[in-house]
There are 2 protein chains.
Amino acid sequence: MTDQRERILGCACDLYLKHGLDGLSMRKLAREVGVTAPAIYRHYGGREEVLADVLREAHRTFSRYLYAALGEPTQLDRFFGAGQGFLNFVIEHPRWYSIMHTAPEHLGMDKLPEDIEGMQSAIHQFWIDRVRECMDATILKDGNPEKTAITMWAHAHGMVQLYQEGCLPVSEEEFRMLFKASGARLMAGVATEAFARDLEGMVLSETDTGIQTG
Amino acid sequence: MTDQRERILGCACDLYLKHGLDGLSMRKLAREVGVTAPAIYRHYGGREEVLADVLREAHRTFSRYLYAALGEPTQLDRFFGAGQGFLNFVIEHPRWYSIMHTAPEHLGMDKLPEDIEGMQSAIHQFWIDRVRECMDATILKDGNPEKTAITMWAHAHGMVQLYQEGCLPVSEEEFRMLFKASGARLMAGVATEAFARDLEGMVLSETDTGIQTG
DNA sequence: GTCTATAATCCGATAGAC
DNA sequence: GTCTATCGGATTATAGAC
């Protein structure tokens, strides 16, 4: 029955969200479902298949948080709305964010299933689209949307990682403010204007970075 | 003999750097050293103690890469030199960078030993000092050095994480350029100057972010 | 200080009865 | 579809002989 498979997946998600990857073994999963271990193998080929389904759930939930912003009226609202959705997601579901950034071999896979890679590409593309339309609206400097998206992605991801690792000794509410303020700093730039002009003649001359003086 | 303890630590580092955390069990460590498992317990109280020593090695090596930049003559040289040292470290020793950002409970510890936390504080302070002296030299905008350091730290850390997770499908050499170009983008800012001015009236009014128009 | 032997747990996965 | 029973393996850690 596919009904039972869904029940198993639900228990697997509960177990993972509560106790992490180590807490999600086939035996514990069976106990949570209320059956014995071999029964699970009637519905899933093995642990790797279960983890793949859990990972799909994580991506679906993440996408829901992001796509909600598409209902906003302006490019800026959609951009900030997506950022707010991202922040809400990582704070409300740290473990789901975590499994999305766990190396496949740590999940017992050589590489991710194609459909999951497709979900990741779609999310990546979502951010590039938000950046591009903010460039069109002269909110972001004109340039290569993909590279600008990577810069902002790296900053957001790094902030979250540092927070979740305990490198930033702040409360949840303080982190929300820190995250936004740091994002604003990225948008406005941390270098003085005089030095930013010098920068163009240095590293920027070697590569296509999409930076313009505006 | 403390001689033997050092030999064990050396083997533990080799084992970890080659095969990761899962590859560093007491049994495998014993085999690498050339003795049986119980012998290790004469020199280390348990696996957790071994991991703590490996982690100390990681911090020591990282510090060496960073502090080399202190010999440079100008604030800018020291700043960029430290950035280059950071980049070299993460590319040459990804596993050492990784264990430095592994949650303590994943190393079998409730929390990190105090001396290791001290090493982390020293590194954190090193970056704040680099930022502060660049503010003094009007390279970076005046403001709160600690907060600006966090922004740049998050960006650098995020870039590395995305690269090491395979989210950035680039070669090592391409990543080096991408890392520097993205850092330049952070320094110069991604928003248009017009929008950056608007930003001050929005999120920045709520918090002390240290952003100034210059 | 190192050994043999072993305790006590955990894991993923399977065979075969019902 | 689920069960009992089990295989084959891993792990940390300890007891006691030498």
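First the proteins, then the strands, lettered A, B, ... as listed; each starts at 1.
In this entry the distance linking OH of B/Tyr44 with P of D/dA13 reads 14 Å, nearest Å. For B/Glu49 and D/dA13, the CD to P distance is 10 Å, given to the nearest whole Å. Atom CG of B/Leu51 and atom P of D/dA13 are 10 Å apart (whole Å).
Between A/Thr36 and the phosphate of D/dT2, there is no side-chain N or O to OP1/OP2 separation shorter than 4.0 Å.
For the pair B/Glu174 (side chain) and B/Val170 (backbone), a donor-acceptor distance under 3.5 Å is absent.
Aromatic ring centroids of A/Phe179 and A/Tyr163 lie 6.0 Å or more apart.
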What protein N or O atoms touch nucleotides 11-15 of chain C N or O atoms at under 3.5 angstrom, if any, and at what distances?
| unit_1 | atom_1 | unit_2 | atom_2 | d |
| --- | --- | --- | --- | --- |
| C/dC11 | OP1 | A/Ser25 | OG | 2.9 |
| C/dG12 | OP1 | A/Met26 | N | 3.3 |
| C/dG12 | OP1 | A/Arg47 | NE | 3.2 |
| C/dG12 | OP2 | A/Met26 | N | 3.0 |
| C/dG12 | N7 | A/Arg27 | NH1 | 2.6 |
| C/dG12 | O6 | A/Arg27 | NH1 | 2.9 |
| C/dA13 | OP2 | A/Tyr41 | OH | 3.0 |
| C/dA13 | OP2 | A/Arg47 | N | 3.2 |

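Between B/Phe89 and B/Tyr97 there is a side-chain heavy-atom pair separated by less than 4.5 Å.
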Working for side-chain hydrogen bond (donor to acceptor under 3.5 Å, both in side chains), residues A/Arg7 and A/Gln4
CA-CA 5 Å; A/Arg7 232 168 56 82; A/Gln4 182 72 327; 2.9 Å; yes
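Between A/Phe86 and A/Trp127, the ring planes are perpendicular. Angles over 60° get that label, and only those under 30° would be called parallel.
In terms of the ring-ring contact (aromatic ring centres under 6.0 Å, His included) criterion, B/Phe79 has no residue partners (sequence neighbours excluded).
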